[in-house]
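Everything on this sheet refers to the single structure shown next.
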Protein chains: 2
Amino acid sequence: MNDEFECDRLDRRRRAIMDAARALFTEQGFERTTLGQIVERAGGSLATVYKLFGNKEGLLDAVVFDKAVSGENLIREFADCGASPANTLRRLAAVLYERFLDPKDVALVRIVIARSIEDADFARRFFETTAMHTRKGLEQMFARWEAQGVRLHGPPDMLAEVFLGLMVSDMQTDAISHGVVARPSAERIAARIEFFLRGAGLEE
Amino acid sequence: MNDEFECDRLDRRRRAIMDAARALFTEQGFERTTLGQIVERAGGSLATVYKLFGNKEGLLDAVVFDKAVSGENLIREFADCGASPANTLRRLAAVLYERFLDPKDVALVRIVIARSIEDADFARRFFETTAMHTRKGLEQMFARWEAQGVRLHGPPDMLAEVFLGLMVSDMQTDAISHGVVARPSAERIAARIEFFLRGAGLEE
DNA sequence: ACAATCGTGTAATGGATATTACACCTTCGC
DNA sequence: GCGAAGGTGTAATATCCATTACACGATTGT
């Protein structure tokens, strides 16, 4: 009972600190946020922060890589559910918007970009576990369709890049620049999807 | 002769300070760069920096908005030179890559994003004088074509968004994340252009 | 050549903050 | 209940840096 309780206590403290840190980092940026503010919001003490995370950078690391959800599996689910390519892409688009324009995600990306100026490796690790996975997932999806006899205008890797660029990249750039962005309307999404389907040779 | 020389001297000093500041800001980020480093590289003195720019933020402002080239005129030149829409877009693509993937520009964008966490207005001003202009320019180009009887799949504003998203946004996101990005190959550009032409209904 | 103007270099000032040290108190096993 | 282990709060430490103050020297118009 000792270990479990101990672990529970530590975990709860860890989570409280990380939650406070994430909130403050995304509100004010990394450098402007002081450990004092974090402790003030999370309760506990400075000493605990240093015990759990080593230093301020360690805390940022923990916050950013907390839940690196893999986009690869997400996409595989959609690709394997038997719908036509056109319909699969239509449903996938909504998920991508959810994923790439989520304010929490966007805020995190901004922090990573800010930090990447000083620590290039930090950004590389982040994007390899997020955007890269999504792109790879899309690429595999297109490749599987091609193997099943679907005729595509262009190689799978190009289509994956283009799909992401066409559907979300410009809005993501906007979101990153402005902090938030309005969810695109259904019509707007639909227009882009149809555009992609024509370009890829997938009109029905 | 007095005024001219004075002005010349001040201008030269101004330029030297801004050049040093831009270099250091893009290398290390805004917060990590000290005014001491800037003066050390530019020569002159701290007092001059404060006289010319007021404070550190004023210097950043001057650096970022130094040469806010308008993308609107750039695009109008291309649109007015009489080539077919397809050929115009083909030549325009190369210019956009030059513009959006230029390492100097990318480095600036990173700084703006980093700063935007603390100062949202700063980012808004920047993107209104750069990306927004380019988008508007594209939109007007498509609208003019439509007025001339060219049949397009979709409204001009959507096409402008999509063209930017399709051609550069994903690479720009990469560039912003990683700092630099390899210039895309001619084939890669060509493939995307043809994709866009199909989607927009502009195949020849 | 002279005196004034203005940039220049140096050296405070003052505040902020990451990090560490330390003494206290809670919590847990026995 | 008791003692140990370890979290907690507070208070130094120590550095770093934007900003200001000041005295010096160069440059210029007369």
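Quick caveat: nothing in here was measured; it's all calculated off a predicted structure. A note on names: the letters A, B, ... follow the listed sequences, proteins ahead of strands, and every chain is numbered from 1. Heavy atoms only: backbone and side chains are in, while hydrogens, waters and symmetry mates are out.
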Listed in order of residue number, which residues of [range] have a non-hydrogen atom at under 4.0 Å from DNA chain D?
range                     : answer
residues 37-50 of chain A : Gly44(A), Ser45(A), Ala47(A), Thr48(A)
residues 51-60 of chain B : Asn55(B), Lys56(B)
residues 26-35 of chain B : Thr33(B), Thr34(B), Leu35(B)

**Complete:** Here the salt bridge (Lys or Arg N to Asp or Glu O under 4.0 Å) pairs for residues 42-53 of chain B, sequence neighbours left out, are none
**Request:** Among residues two or more places apart or on two chains, list those pairs meeting salt bridge (Lys or Arg N to Asp or Glu O under 4.0 Å) that have a residue in residues 166-177 of chain B.
**Result:** Arg135(A)-Asp174(B), Asp170(B)-Arg192(B)
Which residues satisfy the side chain to side chain contact (heavy atoms under 4.5 Å, CB included) test with [X], sequence neighbours excluded?
X         : result
Gln148(B) : Arg144(B), Trp145(B)
Ala123(B) : Val112(B), Ser116(B), Phe127(B)
Gln28(A)  : Leu24(A), Arg32(A), Thr33(A), Gln37(A)
Tyr50(B)  : Leu35(B), Leu46(B), Asn55(B)

**Asked** Sequence neighbours excluded, which residues qualify as ring-ring contact (aromatic ring centres under 6.0 Å, His included) partners of Phe126(B)?
**Response** none
**Item:** With sequence neighbours excluded, residues passing salt bridge (Lys or Arg N to Asp or Glu O under 4.0 Å) with Asp19(A)
**Value:** Arg22(A)
**Request:** Please state whether the rings of Phe196(A) and Phe195(B) are parallel, tilted or perpendicular, taking 30° and 60° as the class boundaries.
**Result:** tilted
**Request:** Send over the distance from Arg13(B) CZ to dA26(D) P, rounded to a whole Å.
**Result:** 15 Å
**Inter- and intrachain pairs under ring pair (Phe, Tyr, Trp, His ring centres under 6.0 Å), touching residues 92-113 of chain A, at least two apart** = none
